[in-house]
Amino acid sequence: MSEERAQSAENADGRREPGGGAAGGRAHPVAPAEETPEGVAALAADQPDGGAGAPSPAPGRSGGPAFPGAGGSGTDQLHIVQEGPVLTVTFNRPAQRNAMTWAMYDGLVAACERADADDAVRAMVLTGAGDAAFVAGTDIAQFTDFTDGADGVAYEARLSAVVDRLAQVRVPTVAAVRGYCVGGGLAVAAACDLRVATPSARFGVPIARTLGNCLSVRTHALLAGHFGAARTLDLLLTARLMDAEEARAAGFVTRMAAEDALEAEVAALTDRLAAHAPLSMWAAKESARRLRTANLPEDRDILERVYGSADFRNAVRSFTAKTAATWEGR
């Protein structure tokens with residue numbers, strides 16, 4: 001990708017941003033969606049050319065876990081490492097912007113079980129490999145075999161089960177976010193208790209522009225609990241991406257860190273958490289979760305209508321073919 005194209009990218013609000021210059025002095029060129037493996041960047045993009053502020057991996061950080069020492073148990077797509085009282089989970093598909101496969105979702109559940117089973121674990125950190133993304137949604141390959149609305153109901157139920165399991169982890173959970181945090185990735189980060197982000201972070205659910213699917217009521221409630229009903233609806237209807245500063249002002253990002261200081265900021269935070277009363281923190285977490293999930297309405301009819309639509313099937317085909325989707329409302 002040319003430097004000229006990177007410098008001409010525009011962000012969600014129409015402002016022009018340079019291709020580099022995030023805190024820490026590292027360049028973050030914007031990759032056009034059609035040039036990225038599996039088209040994953042298009043899932044997160046807020047402009048046809050890939051969107052602004054979407055960092056490609058910087059030299060020396062193009063792959064592998066983002067946190068020192070990672071590389072322990074887990075699949076090649078997911079690394080789980082314990083260092084002292086902190087269990088770190090690294091989503092490890094940097095070339096695909098860490099788009100989630102079911103193996104990764106299942107591995108995340110296994111990490112939650114491990115955190116709950118070991119009294120030595122006092123905090124859990126989730127992060128993405130490389131600089132380009134925390135998680136740029138669910139891998140689109142997960143949708144290619146869908147045949148009707150029931151498949152969408154099953155998918156959302158499975159995703160909700162993973163997100164709910166993460167929310168129920170007994171110890172404090174921290175999402176460390178660089179780059180894209182969209183779709184399923186936003187749900188994962190929202191299920192964590194705290195979020196630390198760098199200026200390159202971008203948050204959103206651009207499905208109204210990409211796949212034409214929808215969120216479950218449980219996921220919608222999770223996001224509305226963080227962003228408020230109005231801002232959540234704005235994100236969903238406009239399919240825009242929220243930058244790190246707006247997410248911080250909304251209260252979703254609890255701490256900001258320079259691009260080259262994310263690990264240090266998270267380490268300082270987990271050191272503090274590890275020194276606190278475990279039951280007091282669990283009570284706060286669990287009370288917040290129960291308030292959020294109380295009296296949620298049924299949504300099967302919504303999911304079946306959207307996932308069973310011709311629009312959704314056509315959008316999945318268009319996405320994998322890297323062509324623009326068209327919408328007919330049926």
Side-chain angles (χ1 to χ4, degrees), residues 57 60-94 96-101 103-136 162-163 165-181 184-198 200-201 253-276 278 281-282 285:
R61 298 184 61 93
S62 60
F67 277 70
S73 63
T75 70
D76 289 342
Q77 299 178 352
L78 191 89
H79 291 178
I80 304 171
V81 173
Q82 183 174 346
E83 293 184 289
V86 180
L87 187 71
T88 298
V89 179
T90 303
F91 305 113
N92 189 44
R93 298 182 75 208
Q96 292 79 32
R97 303 301 195 264
N98 300 321
M100 295 288 283
T101 63
M104 295 167 72
Y105 281 127
D106 291 344
L108 177 56
V109 171
C112 295
E113 298 292 339
R114 175 171 168 178
D116 282 350
D118 188 349
D119 289 340
V121 174
R122 304 294 290 274
M124 183 174 169
V125 174
L126 274 58
T127 191
D131 287 350
F134 174 75
V135 170
V162 174
V163 172
R165 181 64 187 88
L166 175 60
Q168 293 179 56
V169 171
R170 64 178 178 81
V171 299
T173 53
V174 180
V177 181
R178 284 189 182 95
Y180 290 137
C181 179
L186 183 62
V188 168
C192 290
D193 302 309
L194 302 170
R195 284 150 295 279
V196 183
T198 69
S200 67
V253 169
T254 52
R255 285 169 174 75
M256 291 286 291
E259 298 293 338
D260 59 354
L262 180 61
E263 290 81 1
E265 182 69 25
V266 170
L269 176 58
T270 54
D271 283 347
R272 180 170 186 166
L273 295 172
H276 291 170
M281 294 188 294
W282 168 80
K285 286 165 49 73

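Numbering starts at 1 and runs along the sequence shown. What you see below is based on every heavy atom in this structure, not just the backbone, and it leaves out hydrogens, waters and symmetry mates.
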Do side-chain atoms of [X] reach the backbone of [Y] as a donor and acceptor pair under 3.5 angstrom?
X	Y	answer
R93	A99	yes
R195	V177	no
S200	G179	yes
K285	D193	no
N92	H79	no
R170	A115	yes
E263	E265	no

Just verifying a value: how many Å separate [X] [atom1] and [Y] [atom2], rounded to the nearest 0.5 Å?
X	Y	atom1	atom2	value
Y180	L186	OH	CG	14.5 Å
E259	D131	CD	CG	7.0 Å
T90	Q77	OG1	CD	13.5 Å
Q168	T173	CD	OG1	11.5 Å

Closest non-hydrogen atom pair, [X] against [Y]:
X	Y	answer
I80	G107	CD1-O, 3.9 Å
V188	F91	CG1-CZ, 4.2 Å
Y105	G184	OH-CA, 4.0 Å
A136	A133	N-CB, 4.3 Å
L126	C192	CD2-SG, 4.0 Å

Partner residues of D106 under the salt bridge (Lys or Arg N to Asp or Glu O under 4.0 Å) criterion, sequence neighbours left out |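 Residues passing salt bridge (Lys or Arg N to Asp or Glu O under 4.0 Å) with D106: R158.
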
Looking just at side-chain N and O atoms, do T88 and E83 make a donor-acceptor pair shorter than 3.5 Å?
->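 Judged by distance alone, the side chains do not pair up.
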
4.5 Å side-chain heavy-atom contact, [X] and [Y]:
X	Y	answer
L273	R122	no
M124	C112	yes
P278	V171	no
V121	Q82	yes
V135	M104	no
V196	L194	no
L269	T254	no

